[in-house]
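To start, the structure itself, in structure tokens.
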Amino acid sequence: MGQADEQNFYYASTPRPELHAPLAGEQVFDVCVLGGGISGLSAALHLAERGMRVALLEAKHLGYGGSGRSGGQSIFGYACEMSTLEKAVGAGDARRMWDVAVEGMQLQRELIARHSIDCDYKAGHMILGLKRRHDQALREELDSLATRYDYHSLRLIGRDELRTLIASQRYSSALYDSNGGHLHPYRYTLGLGRAAAGAGVRIFENSWVTRLDIAQHASADNFAHTVQGTLRARHLLVAGGALLGRLIPKLANKLMDIGTYIAATQPLGEERARSLITNDAAAADMNWILDYFRRSADHRLLFGGRVSYSGIDPFDSARVLRSRIAKVFPQLTEARIEYAWGGFLDITLNRAPHFGRLGPNAWFVQGLSGHGMVISGIAGKLVSEVIGGTAERFDMFARIPHLDFPGGAHLRRPALVLAMLWFRILDLL
Ligand SMILES: Cc1cc2nc3c(=O)[nH]c(=O)nc-3n(C[C@H](O)[C@H](O)[C@H](O)COP(=O)(O)OP(=O)(O)OC[C@H]3O[C@@H](n4cnc5c(N)ncnc54)[C@H](O)[C@@H]3O)c2cc1C
């Protein structure tokens, strides 16, 4: 898994800020946030804005997880279909959840504007169909989201127009969302970090939480222990994403961590980059094992795809992604891959977000299932609401039922590898 920092284009294209010092000794705050990704930072920022004394513990550095590695695509909705949420919580709450996701898109733009975050935000996102059944599914999605969810920023694009937008013969239709977009995820994350610190949040980096003592009574404090210190706080948020590992086994059982990879080509020059995606939207195809791509501000192609369900196979991601790029953009065969990196997705069995409580004053958010660029920000805001005393929206998400991955800690991965073979076969049909 290409976790090495120098392989990550986002890290390489961002002046690295000085690290915040690790936690040392025992310190007391109102709120302890575990995790320096967008979820944790958004929660910390919103809580500090409510006047609470907040500390955030990050195992490595801000943006070490998915938030600093992501495809950067801001996509409507959730990783699961809305029909999954309707079945899980009923049509009324599913509708309210949709509205939260749309609010998340607005919140992302507001945070960028309010805190002057220089993260190359661009409007426009396209979901790409590759075959007739995809074209039909996109039409149905457009109708359903307009009529049942009052979502009106979508437009269906047919094959001929799509050829003028994406210089590839591969796609048959697209659903364009003017409300979606893309951004430099690491700069966005660091920008939230700066905003949080500016609002008074104490950030501790290189502070890996090795043990949590979660209070069982509302009047008791929670404790987070690192190698060098202890943080004591009345309220606790766990937002460790895929990297939380087995710190809390009952949370780990609900997740499969899946490796996924992105490559950045050499700078292609403005004209050539523009010719590939003329409207500068982000794009993701409809396969189960999907390709997703966009232009970077310095005129590279950023191309993600290929997942590792075995989670353990280091492989030559640059070579594999190059061959996938060649399938979409054969005209780029000569382009050099300058960066190739990977990260882990925290996938739930039903792909719905997994939020909930660990104790009377302890909460978690996880399971954004590869769809967290938007949802992580609003998830943090919902946590600030629940800690601030308004539980309604957070609790609505906490009611989504989640099953453990079958097969226990040892057998679920082989089982998933088999399931994914099946999904690959589906992509070919
Ligand atoms: C390669 C890749 C591509 C992606 N592309 C997209 C995309 O295009 N669009 C989209 O919507 N989503 C995408 N995602 C998903 C998205 O990035 C995540 O859903 C989102 O960033 C999750 O944010 P988070 O804050 O919840 O978790 P993270 O960003 O993973 O942050 C969790 C943090 O917690 C820290 N942590 C974990 N355990 C501990 C501990 N014990 N003590 C202290 N700190 C700890 C980790 O170091 C990490 O920094 C992608 C993810 C990856 C990996």
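Note that ligands are numbered from 1 as they come in the structure, with each ligand's atoms numbered from 1 the same way. As the structure is a prediction and not an experimental result, all values here were calculated from the model.
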Here's a test for you: under ring pair (Phe, Tyr, Trp, His ring centres under 6.0 Å), which of Tyr11, Phe9, Trp341, Tyr64 qualifies with Tyr186? Tyr11
So if I apply the ring pair (Phe, Tyr, Trp, His ring centres under 6.0 Å) rule between Phe355 and each of Phe397, Phe364, Tyr78, which one comes out positive?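 Only match with Phe355 under ring pair (Phe, Tyr, Trp, His ring centres under 6.0 Å): Phe397.
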At a non-hydrogen distance cut-off of under 4.0 Å, which region of [X] contacts ligand 1 (side chain, backbone, both, or neither)?
X      : value
Phe344 : backbone
Ser74  : neither
Leu34  : side chain

Is it true that [X] and [Y] make a salt bridge, defined as a side-chain N closer than 4.0 Å to a carboxylate O?
X      : Y      : result
Glu86  : Arg148 : yes
Asp99  : Arg95  : yes
Glu270 : Arg295 : no

Suppose I only count heavy atoms of [X] and a 4.0 Å limit; which atoms of ligand 1 are within that range?
X      : result
Met373 : 9 (N), 10 (C), 11 (O), 12 (N), 17 (O), 21 (O)
Leu345 : 50 (C), 51 (C), 52 (C), 53 (C)
Leu57  : 43 (C), 44 (N)
Trp208 : 40 (C), 41 (N), 42 (N)
Ile38  : 25 (O)
Gly71  : 3 (C), 4 (C), 5 (N), 6 (C), 7 (C), 8 (O)

Residues Gln366 and His354: side-chain donor-acceptor under 3.5 angstrom: yes
Is it the case that Asn279 and Arg274 place a side-chain donor and acceptor less than 3.5 Å from each other?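 There is no such pair (donor and acceptor under 3.5 Å, judged by atom type) between the side chains of Asn279 and Arg274.
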Hey, does Gly36 sit under 4.0 Å from ligand 1 if you only count heavy atoms?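 Contact check Gly36 vs ligand 1: positive.
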Tell me whether ligand 1 is touched by Ser207 - counting only heavy atoms on the residue side and a distance under 4.0 Å.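 Contact check Ser207 vs ligand 1: positive.
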Quick one: which of Gln73, His61, Glu58 has a heavy atom closest to atom 46 (C) of ligand 1?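 Heavy atom nearest to atom 46 (C) of ligand 1 belongs to Glu58.
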